[in-house]
Amino acid sequence: MLKRSFRRLFLVGGILTLITFMSGCSMLRGPVYPNIIYNNRQPLISVTYEYGEIEVRLPLNYIGAVPDNISFEVYAQGDTVNTIISILQEAPRVFIVYLPQGVLDIHNKSNIIKIIPQDTNFQPVSIRFQGILFGRIQLPPKSIQMKQLIVFGKVFLNKNNSSLSGVSVSMQNFDNVIKETTTNDSGFYQIAIPGEYKYAQHLRLVAGNNLIFKPFKQKLDFSQAFRLNFNIGVGPSATLEDPLYLTNRENVHFREHPDIGSETLFLLEAGEAVSVTRVTPGEYHGSIEVEVGNKKSVQMYGWIYRSDVFLLDLNNIFKKEGGDDSEL
Amino acid sequence: MIQNYKWFLVTLLISVNLHGQVKLTVNTIPKKVNVKLDGVIIGKSPIKNERIRPGVHKIEIVKAGFAPLTYDLLVNPSQAVHLDFFLNPIYRIKFKTEEKGLVFELNGEHQWDNQFIRLDLEAGDHFLRVFKLNEIIDEQTIHVDEPKKFIYYLQKPVSEE
């Protein structure tokens, strides 16, 4: 009996303990607030970019001469003040530069490479190009050349200082014509030749090849300048008096006396002017102009065969087509 | 012949599509968390070799036991971008006081008047205000960096047990 009561008591006690444990335990731990409470603390975030490289290749052609050093400046996004990179190096055949990804304008040709040769004889060059996200940009070859050499001026007639249009003017190295032009309506001419001739020793300006006069020839020296101004007078000067005759062929003998066997003072080129003062059945006596330096000239008197000259007509001073000026 | 042509087109489309994209890597602590990119789940972390276009993107990471994370990322034109996220954990905190008639408020919005309560708090600092009869009687900052128990005594700093 006692044993049974004891067992029942133990059972009730166990059930009560279990109930207490199941329900009361959570009450002992207290209620839970229904929401999570955030403090909006900035979480730790790490962002790392991996940038690729953009390789830009620019082949360079050097025309005539090669500068010792070249400064390359790369600009992006049309900003010509702040360079992305500036490189000074010996003149390369191919300029190669590596740029960080994302610096170039990939939509427009607003990226610029400035090529600045470290030599005043050369002209700086700029190249605009469109960028890419990453990879290689192969640009078309660019020519680097010396500054152009320019000669300009007016062509006029010595006799009356009037401007002459349509007169041929050329630049020659030895006898090779580098460039040729003709004067405009105002008698003005301008010729530009590559800078590689800057130190050429046999560079000359020739004017009036299409005139009946002896062509004007002047040696040019560009070693001190890139532009030269030459006003060119053609034909006989005003000091030679009319009537004027011109030699009609090369190597015309201008002699001291009319006699056969007389000493030849000068061998005249075609187109040289003779101011005739006396006439004989076969010869003319007159004067020619001889340059004595410093652009000064003196008159020399002598004799010349009539068959070697023709009368000058200032209204028709251009050679006829075909070059046969003996009929003039 | 036609099949080859199709393959060529497919290859061309894939290469055109891949061109201009940035390689994306996402690591998180903890790992194996679903990562959403612009609202689309792209997988569980760590994520490697995902492709993303330059521009603005939204990254969302949600995991139970951690504060949800939303991050607006401006992806620069680059070869790859690596992202590491350290999620803020949420700790179970027990808060107890012997004082009676007090109302507690955390971060200006969460209130209770129990003497003993369990709270789920994001790691970090929280601002505690104590009211009595609708008047502020105390203000404190509590720092949560692990599961712990706070005991509040009037006008005294909250003590940790």
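Order of the sequence lines sets the chain letters (A, B, ...), proteins ahead of strands, with each chain counted from 1. Since this is a predicted model, take the numbers as computed values, not measurements.
Residues B/Tyr71 and A/Val47 form a side-chain contact, since some pair of their non-hydrogen atoms from C-beta on lies under 4.5 Å apart.
Side chain of A/Asn39 to main chain of B/Asn107: no donor-acceptor pair is present (N/O by atom type, distance under 3.5 Å, no hydrogens or angles). In this structure, A/Glu50 contributes its side chain and B/His82 its backbone to no donor-acceptor pair below 3.5 Å. With hydrogens and angles disregarded, a donor-acceptor distance shorter than 3.5 Å links the side chain of B/Asn88 to the backbone of A/Arg41.
The line from OH of A/Tyr51 to CG of B/Asn76 is 4.0 Å long, rounded to the nearest 0.5 Å. Rounding to the nearest 0.5 Å places CG of B/Asp84 at 6.0 Å from OG1 of A/Thr48.
Across all non-hydrogen atoms, the minimal contact from A/Tyr33 to B/Leu119 is CB-CD2, 3.4 Å. The two residues A/Tyr49 and B/Ser78 come nearest to each other via the heavy atoms CD2-OG, 3.2 Å. In terms of heavy atoms, A/Pro31 sits closest to B/Asn114 at CG-ND2, 3.2 Å.
Looking at B/Leu73, only its side chain comes within 4.5 Å of chain A, counting heavy atoms on both sides. For chain A, no part of B/Asn27 is nearby; none of its heavy atoms comes within less than 4.5 Å. Of the atoms belonging to B/Leu83, heavy atoms from both backbone and side chain fall under 4.5 Å from chain A.
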